[in-house]
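Before any comments, here is the structure.
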2 protein chains.
Amino acid sequence: MAVATQPTFEAFGAKLTKFGAHDVVYYEGDEAKRLYQLASGTIMLFKLLPDGRRQVVEILRPGDIFGLSAGEEQDCTAETLTEATVREVDLKQVEASVDLQRQLTKCLTNQMNILHEHAVLLGRKSAVERVASFLMYLVPNRGGGVGCVGPDPSKSDDGCDLQLHMTRQEIADYLGLTIETVSRVVSDLKRRGVIRIDRSDKIHLNRICGLCQMTGIH
Amino acid sequence: MAVATQPTFEAFGAKLTKFGAHDVVYYEGDEAKRLYQLASGTIMLFKLLPDGRRQVVEILRPGDIFGLSAGEEQDCTAETLTEATVREVDLKQVEASVDLQRQLTKCLTNQMNILHEHAVLLGRKSAVERVASFLMYLVPNRGGGVGCVGPDPSKSDDGCDLQLHMTRQEIADYLGLTIETVSRVVSDLKRRGVIRIDRSDKIHLNRICGLCQMTGIH
DNA sequence: CGCGAGATTGATTCTACTCAACACTAGTGG
DNA sequence: CCACTAGTGTTGAGTAGAATCAATCTCGCG
């Protein structure tokens with residue numbers, strides 16, 4: 001039930017770097033020689049097709065690691081969504097330490113599971129289910145990302161303010177949709193009273209459980 | 001250029017298990033307490049939505065590891081596509097060894113990159129591009145999975161026999177399509193002379209480069 | 001030979017995309 | 001203070017691509 005707390009890469013000569021919002025940490029194709037861990041803020045990883053189509057493949061949270069690649073090059077571009085601080089560790093450092101390795105494995109496994117879930121979203125879910133899943137993903141303390149607390153609206157399970165930190169375009173590119181479809185679905189959720197839109201990137205969930213019912217996982 | 005060779009988990013008390021074709025190694029929800037490495041054969045990992053929609057999230061090859069989960073439970077079902085042998089290692093074993101950890105990281109990183117690529121396919125590619133990408137993925141010694149050797153058909157870059165080991169349904173569930181769409185696209189590729197179908201799961205690529213041009217990555 | 005699972009093909013429907021117009025917001029400068 | 005602008009978001013109309021529904025085919029096997 002308890003969400004696994006992400007380990008953090010302490011000391012070990014880790015260099016802390018600050019980034020502004022919408023800064024690029026590295027580009028797809030850059031040399032991959034360091035390990036990064038997000039210390040604070042939000043970062044997205046995305047890939048581009050030559051004709052400009054973009055897919056956001058991961059949305060990183062504090063504790064998540066990135067920058068590793070099977071080859072010599074980065075397979076994604078890493079761009080901040082908000083101000084962010086990033087720990088950098090040299091790969092050699094990591095390889096030498098059992099402890100760092102263990103933490104690394106934990107992080108990678110966690111992110112892998114999220115990628116699996118996201119593949120289901122991209123491959124099998126409708127537009128509404130995608131947007132609902134995305135919003136649920138942003139709710140703090142969901143039951144480990146798996147589902148909602150249950151269809152038991154005791155009292156506190158309702159209402160939640162979300163700060164998206166993403167444009168409609170970024171959301172669309174994450175969900176494999178177009179900007180217009182995202183906008184339509186969001187408007188529709190508003191019309192149905194499931195959410196309230198305070199500002200375009202500030203959304204209030206009126207009924208979390210109701211939203212969770214729309215994710216396709218029930 | 002050289003494809004990174006997958007490390008294999010030697011000895012370390014690894015138990016070898018044999019599976020027949022279409023055997024289930026574990027189900028989604030099973031307790032996750034062991035690490036598995038595919039020694040030979042092919043295995044797919046998939047997730048199910050409650051209404052029966054299925055998404056194949058990974059197709060594993062010898063050297064790939066699986067069975068790790070961020071939580072206590074498996075997040076996917078693992079089912080063999082062919083006869084397969086699997087190494088099992090206790091998690092404690094792995095945690096104790098720097099060497100195993102290092103190999104593990106390498107495997108996970110590699111699979112992560114493939115998952116990223118697959119997210120692009122599911123989120124942004126057309127049906128034709130998906131099928132073309134899938135077939136290219138099955139070609140041995142592609143340039144590390146990234147692309148084709150180049151538009152230089154010197155002589156040997158053409159012709160390649162593929163054994164799919166998958167039904168149309170399994171392919172469809174991997175590509176986020178329906179069985180009918182996969183069938184139509186395959187028929188279309190045949191009609192256009194790009195491939196030849198020897199048996200429904202045995203396909204000959206006539207022009208690899210031509211096919212690669214249809215993957216969307218050029 | 002007949003059966004059944006898997007694959008193919010056709011006709012139709014529907015979801016999300018495309019194209020296009022318009023609205024909202026914040027920032028700029030007269 | 002208020003146009004003006006640029007970037008972002010919303011909404012509408014029409015379309016295209018894949019899904020759905022349904023019929024037929026293929027092939028291996030008892």
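By convention in this document, chain letters (A, B, ...) are assigned in the order of the sequence lines, proteins followed by strands, and residues within each chain are numbered from 1. Being a predicted model, the structure only gives us computed values, none of them experimental.
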For B/Glu180 and A/Ala127, take the nucleotide of DNA chain C holding the closest heavy atom to each; which residue's nucleotide lies nearer the 5' end?
-> B/Glu180

Taking the side chain of A/Ser183 as heavy atoms from C-beta outward, which of C/dT8, C/dA16, D/dG9 is closest to it?
-> D/dG9

First encountered from the 5' end of DNA chain C, between B/Gln169 and A/Arg184 = B/Gln169

Would you mind reading off the distance between A/Glu170 atom CD and D/dG7 atom P, rounded to a whole angstrom?
-> 15 Å

Starting at CG of A/Asp173 and ending at P of C/dA16, how long is that distance when rounded to a whole Å?
-> 17 Å

Give the rounded distance in Å between these two atoms: CG of A/Asp188 and P of D/dT11.
-> 10 Å

Does A/Ser187 have a side-chain nitrogen or oxygen under 4.0 Å from the phosphate oxygens OP1 or OP2 of D/dT11?
-> yes

OH/B/Tyr26 to OG1/B/Thr77 distance, rounded to the nearest 0.5 angstrom?
-> 8.5 Å

Rounding to a whole Å, what distance do you find between B/Leu189:CG and C/dT8:C1'?
-> 15 Å

B/Thr178 side chain near D/dA19 phosphate (N/O to OP1/OP2, under 4.0 Å) | yes

Minimum-distance nucleotide (side-chain atoms of A/Thr167 versus C/dA16, D/dG9, D/dA19) = D/dG9

Please figure out whether A/Thr181 or A/Arg124 has its closest DNA chain D nucleotide nearer the 5' end.
-> A/Thr181

May I ask you to check whether A/His204 and A/Asp161 show a side-chain donor-acceptor distance below 3.5 Å?
-> yes

In whole angstrom, give the distance that lies between atom CD1 of A/Ile203 and atom P of D/dG9.
-> 11 Å

If you measure from the Lys or Arg side-chain nitrogens to the Asp or Glu carboxylate oxygens, is any gap between B/Lys190 and B/Asp188 under 4.0 Å?
-> no

For A/Asp201 and C/dT25, give me the distance from atom CG to atom C1', rounded to whole Å.
-> 12 Å

A/Tyr137 and A/Tyr174 aromatic ring geometry - parallel, tilted or perpendicular at 30°/60° bounds | tilted

Is B/Gln55 reaching over with its side chain to a backbone N or O of B/Asp173, donor-acceptor style, under 3.5 angstrom?
-> yes

Here the distance between atom P of D/dG12 and atom CD1 of A/Ile179, to the nearest Å, is 17 Å

Please state how far atom CZ in B/Arg199 lies from atom C1' in D/dC27, giving the value in whole angstrom units.
-> 11 Å

